[in-house]
Amino acid sequence: MTTKEFRQIVREKWLLVVAFFQLKMDGIRLSLAIFMCDALQKARNKRFYVIKNAQDKLIWVCNDDIDQMKKPRRVRKLIKGELRVIKVSMLPKNISHNDIMKMCLYYTPSSLNNSDGLSPAERMKKRQGWLKYMERIRMERLFGKLKAKK
């Protein structure tokens, strides 16, 4: 085995170890987001959701935040060398709170005395789905790095 082959093997193993710990951190981030939603729900007595944004990061929002995300904002954009102002919203106007509940990773009960939150079985299913999604994303990035170095 040459030194170059040995370094390649070590690099591959090291990237797999890094990917493993990144996946563990993704699980911790999800647990932290759930904890924050529960704490905010106890403080404000509103329903909170854990959703992912466009960069695959977890954010927690309430119904008021969702309504604000539906409103269009003016954004400056360079189109064909010309600076134009366009209106962009983060969420479609026709999305409902029920749709948000279906696509979110976690949601709290609507009030402190309610029990209409996510059941433990659904919570585990959504958590496993999120971790599988992040594992797929991480492995695609990892194998992309390995192919680029060869």
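Position 1 is the first residue of the sequence, and the numbers go up from there.
- Between His97 and Asp67 the shortest side-chain heavy-atom distance falls below 4.5 Å.
- Residues Leu105 and Met103 share a single hydrophobic cluster, defined by chaining ILVMFWY side chains whose heavy atoms lie under 4.5 Å apart.
- Counting only heavy atoms from C-beta outward, the side chains of Asn63 and Tyr49 approach each other to under 4.5 Å.
- Between Ile100 and Ile95 there is a side-chain heavy-atom pair separated by less than 4.5 Å.
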Item to check | CA sep, side-chain torsions, deciding dist, call: Ile51, Cys104, side-chain contact (heavy atoms from CB on, under 4.5 Å) | outcome: CA-CA 5 Å; Ile51 59 174; Cys104 73; 3.7 Å; yes
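- Between the side chain of Thr108 and the backbone N or O of Phe48 there is at least one donor-acceptor pair closer than 3.5 Å.
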Next on the checklist: Applying side-chain contact (heavy atoms from CB on, under 4.5 Å) to Lys4 and Gln8, what does each step give before you reach the verdict?
Outcome noted: CA-CA 6 Å; Lys4 188 176 181 180; Gln8 181 67 24; 6.0 Å; no
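- Taking a 6.0 Å sphere around CE of Met139, one finds it holds more than 12 heavy atoms contributed by other residues, nucleotides or ligands.
- Note that CE of Met134 is 10.5 Å distant from CG of Leu30, once rounded to the nearest 0.5 Å.
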Checklist entry - Going through the distances and angles, do Asp26 and Tyr133 end up as a side-chain hydrogen bond (donor to acceptor under 3.5 Å, both in side chains)? => result CA-CA 11 Å; Asp26 290 333; Tyr133 169 76; over 6 Å; no
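- Here Ile34 contributes atom CD1 and Trp60 contributes atom CH2; the two are 11.5 Å apart, rounded to the nearest 0.5 Å.
- Counted within 6.0 Å of NZ on Lys70, heavy atoms from surrounding residues, nucleotides or ligands total more than 12; the atom is thus considered enclosed.
- Taking each heavy atom of Lys71 and Ser89 in turn, the nearest pair found is O-CB, 3.8 Å.
- The two residues Lys126 and Leu118 come nearest to each other via the heavy atoms CD-CD2, 4.2 Å.
- Other residues, nucleotides and ligands contribute over 12 non-hydrogen atoms within 6.0 Å of the CE atom of Met101.
- Side-chain atoms of Ile28 and Met25, non-hydrogen and from C-beta on, do get closer than 4.5 Å to each other.
- Inter-residue side-chain proximity for Tyr106 and Leu58 is flagged as unmet; no heavy-atom pair is nearer than 4.5 Å.
- Taking CG of Leu83 as the reference point, atom CZ of Arg76 lies at 6.5 Å (rounded to 0.5 Å).
- A side chain to side chain contact (heavy atoms under 4.5 Å, CB included) with Lys46 is found for exactly one of Leu40, Asp64, Asp65, namely Asp64.
- Formation of a donor-acceptor pair under 3.5 Å by the Glu135 side chain with backbone atoms of Leu23 is not found in this model.
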Item to check | Criterion side-chain contact (heavy atoms from CB on, under 4.5 Å) on Arg73 and Gln68, from CA distance to verdict | outcome: CA-CA 10 Å; Arg73 305 214 188 282; Gln68 289 296 319; 3.9 Å; yes
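- Gly27 and Arg127 get closest at one heavy-atom pair: O-NH2, 3.1 Å.
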Item to check | Chi angles and distances behind the side-chain contact (heavy atoms from CB on, under 4.5 Å) call for Leu78, Glu82 | outcome: CA-CA 5 Å; Leu78 191 64; Glu82 185 179 334; 5.7 Å; no
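- In this structure, Tyr107 and Glu122 approach most closely via the heavy-atom pair OH-OE1, 4.3 Å.
- The distance from the OG atom of Ser119 to the NZ atom of Lys125 is 10.0 Å, given to the nearest 0.5 Å.
- With hydrophobic clusters built from ILVMFWY side chains whose heavy atoms lie under 4.5 angstrom apart, Val50 does not share a cluster with Leu32.
- Annotation: salt bridge (charged side-chain N to carboxylate O under 4.0 Å, His left out) contacts of Arg136 (sequence neighbours excluded): none.
- The two residues Lys52 and Asp56 come nearest to each other via the heavy atoms NZ-OD1, 3.3 Å.
- At a threshold of 4.5 Å between side-chain heavy atoms, the hydrophobic network of Ile, Leu, Val, Met, Phe, Trp and Tyr places Met90 and Val61 in one connected group.
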